[in-house]
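As the structure lists them, so they are numbered: ligands from 1, and atoms in each ligand from 1.
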Amino acid sequence: MSVTRSRIVGCGAYLPERRVTNHELAGRLDTSDEWIRTRTGIGQRHIAAEGEKTSDLATAASRDALTNAGMSPDDIDLIVLATATPDLTFPASATQVQANLGIAHGCAFDVHAVCTGFIYALAVADNFVRVGQSRGALVVGAETFSRILDWNDRGTCVLFGDGGGAVVLTPGEGEGDSGDRGILSTHLHADGRQRDMLYVDGGPSTTQLAGHLRMEGRDVFRHAVVNLAEAVDEALGANGLEGRNVDWLVPHQANRRIIDAIARKLELPPEKVVMTIDRHANTSAASIPLALSEAVHDGKIRRNQLVLLEAMGGGFTWGSAMVRW
Ligand code: UT7
């Protein structure tokens, strides 16, 4: 049998225990619950405990995804971890996840495309699976952005949270109807001319320190709406679809107003948009797999439905994926 597509056969999630509300932040910063909610849709975020690393979040989400898929770590021969907040400069945090899961075969590496990281990682793993180089792939997005935030900068620190999400991909073998399910397309973009609008002011080759996140929020917002509209058009066009054909939009959760703008463009009612930003805030590469996992576990996303994923992040990077569930 030939491999026609890779399929998402399991989803998992992990959020650190500690929740920090807008009110708590307003107690130590010149901000308010009202400002954060109306400008972003965020109500709270989860923050990793001291000593809790990105690989810990990624491992917990991966275990959850494997359980959901009914698979064991032995079935995994590829781990692609999307993160901008690795445990260490090297080795890749994916190798720590591999070790935590007790896997000693196959390959494991990180992909770094900030908030678009999960779409990039999914595209990479999809290609591995479709050419027959992987029979079981874990695609993970995990971040501890709390470690690179300037907690005195109200323009950025209120926006982000920590978390991890994962999916398991396997080859979708078969003919006829079953061959139509799986990842239908992925589209990736980058434009490094805009790298100064959203970046971290540190790193091993410059300051030797981890640095802090810096963002021109208003400019990023403007580019996000334009780039994401382009990315969803591309996904629809490549598959001969229209917005109304989409059953679920699972967007990167950066700002509720950005998500609403894309949903309006697709003419999708709010009931068809998976929204987690109110509880998770922006978890960068983790936000899409966290939202996917929630929607699957809640029984919202069902077999044969069309699911559209989109994201935009530092670089700039942006992209989309169309999936027949
Ligand atoms: O995930 C990667 C991609 N990232 C994004 O997509 C983020 C995109 N950007 C955004 O989501 C929004 O631009 C923000 C939420 C960051 C900011 O919202 P905005 O409506 O664009 O506000 P603004 O930056 O234009 O700031 C408006 C005002 C300013 O005060 P003045 O200059 O009008 O007096 C800010 O100083 O709001 C002030 N402000 C705050 N006030 C209370 C900024 N942050 C806060 C805050 N609390 N936390």
Side-chain angles (χ1 to χ4, degrees), residues 20-45 82-85 112-121 141-146 148-163 165 188-192 194-200 212-232 249-263 265 275-278 280-291 309-320:
V20 175
T21 63
N22 294 344
H23 292 290
E24 189 177 334
L25 290 181
R28 48 186 149 103
L29 276 172
D30 182 15
T31 189
S32 65
D33 177 58
E34 204 260 331
W35 190 96
I36 301 171
R37 273 184 201 277
T38 44
R39 299 285 179 135
T40 70
I42 296 166
Q44 61 165 40
R45 70 284 296 138
T83 189
T85 46
H112 188 339
V114 206
C115 298
T116 321
F118 182 75
I119 304 273
Y120 269 61
E143 303 278 17
T144 47
F145 261 48
S146 61
I148 54 162
L149 294 174
D150 175 349
W151 286 100
N152 294 313
D153 176 14
R154 67 175 184 172
T156 55
C157 76
V158 303
L159 305 174
F160 296 91
D162 300 336
L188 306 179
H189 295 278
D191 184 348
Q194 270 103 33
R195 65 194 179 282
D196 293 341
M197 287 188 199
L198 176 52
Y199 68 103
V200 169
H212 292 116
L213 183 147
R214 307 292 174 204
M215 177 166 73
E216 302 292 336
R218 213 175 299 187
D219 292 328
V220 176
F221 189 103
R222 209 163 31 84
H223 281 277
V225 174
V226 173
N227 292 348
L228 291 171
E230 220 177 85
V232 300
L249 175 66
V250 185
H252 168 51
Q253 313 276 323
N255 187 311
R256 187 179 188 118
R257 291 182 291 141
I258 297 175
I259 298 173
D260 288 344
I262 301 303
K265 184 189 158 36
M275 197 77 83
T276 55
I277 189 163
D278 50 329
H280 301 172
N282 182 347
T283 56
S284 184
S287 90
I288 291 179
L290 273 169
L309 318 177
E310 46 87 335
M312 144 100 186
F316 289 143
T317 55
W318 65 101
S320 59

Structural part of I36 in contact with ligand 1, heavy atom criterion under 4.0 angstrom: neither

For atom 12 (C) of ligand 1, the protein heavy atom that lies nearest, with its residue and separation: N255 ND2, 3.9 Å

Side-chain heavy-atom pair L25, D33 within 4.5 angstrom cut-off: no

All salt bridge (Lys or Arg N to Asp or Glu O under 4.0 Å) counterparts of E24, not counting sequence neighbours: R18, R28

Nearest option to atom 20 (O) of ligand 1, as decided by whichever heavy atom of R39, Q253, R222 sits closest: R39

Numbering as shown, the atoms of ligand 1 that approach V158 to under 4.0 Å (heavy-atom distance): 48 (N)

Non-hydrogen protein atom less than 4.0 angstrom from atom 9 (N) of ligand 1: yes

Validation row: M312, I262 side chains within 4.5 angstrom (heavy atoms): no

Minimum-distance protein heavy atom relative to atom 18 (O) of ligand 1: R257 NH2, 3.6 Å

N or O contact, T40 vs ligand 1, cut-off under 3.5 Å: no

4.0 Å protein heavy-atom contact status of atom 29 (C) of ligand 1, strictly under: no

Heavy-atom check, side chain of T85 versus side chain of I148, under 4.5 Å: yes

Where ligand 1 meets A254 - atom numbers and elements under 4.0 angstrom, heavy-atom basis: 1 (O), 5 (C), 6 (O)

Sub-4.0 Å atoms of ligand 1 with respect to non-hydrogen atoms of G155: 44 (N)

Protein non-hydrogen atom below 4.0 angstrom of atom 1 (O) of ligand 1 present: yes

Interatomic spacing from NE2 in H189 to OG in S320 - rounded to 0.5 Å: 6.5 Å

Pairs of donor and acceptor atoms involving the side chains of residues 215-222, under 3.5 Å and at least two apart or interchain, shall be tabulated with distances.
{"from": "D219", "atom 1": "OD1", "to": "R222", "atom 2": "NH2", "distance (Å)": "3.1"}

Nearest-neighbour protein heavy atom for atom 5 (C) of ligand 1, which is reported as residue plus atom name and distance: V220 CG1, 3.7 Å

Carboxylate-amine/guanidinium proximity below 4.0 Å for D150 and R214: yes

N or O pair under 3.5 Å between S32 and ligand 1: no

Beyond-backbone contact of N22 with V158, side-chain heavy atoms, under 4.5 angstrom: no

Location of contacts on M312 toward ligand 1, heavy atoms closer than 4.0 Å: backbone

Ligand-residue contact atoms, ligand 1 with L159, heavy atoms, under 4.0 Å: 15 (C), 16 (C)

Sub-3.5 Å N/O-N/O distance, I258 and ligand 1: no

Closest protein heavy atom (residue, atom, distance) for atom 43 (C) of ligand 1: W35 CZ2, 3.5 Å

Taking atom 47 (N) of ligand 1 as the reference point, the nearest protein heavy atom with its distance: T31 OG1, 2.7 Å

Under 3.5 Å: donor-acceptor pair, side chain of S287, backbone of Q253: yes

Any donor-acceptor pair under 3.5 Å from T116 side chain to T317 backbone: yes

Any side-chain donor near an acceptor of the partner, T83 and E143, under 3.5 Å: yes

Atom pair OG1 (T283) and CG (L159), whose distance is rounded to the nearest 0.5 Å: 12.5 Å

Closest protein heavy atom (residue, atom, distance) for atom 36 (O) of ligand 1: R154 NH2, 3.1 Å

Shortest protein heavy-atom distance from atom 32 (O) of ligand 1, along with the residue and atom involved: R218 NH2, 4.7 Å

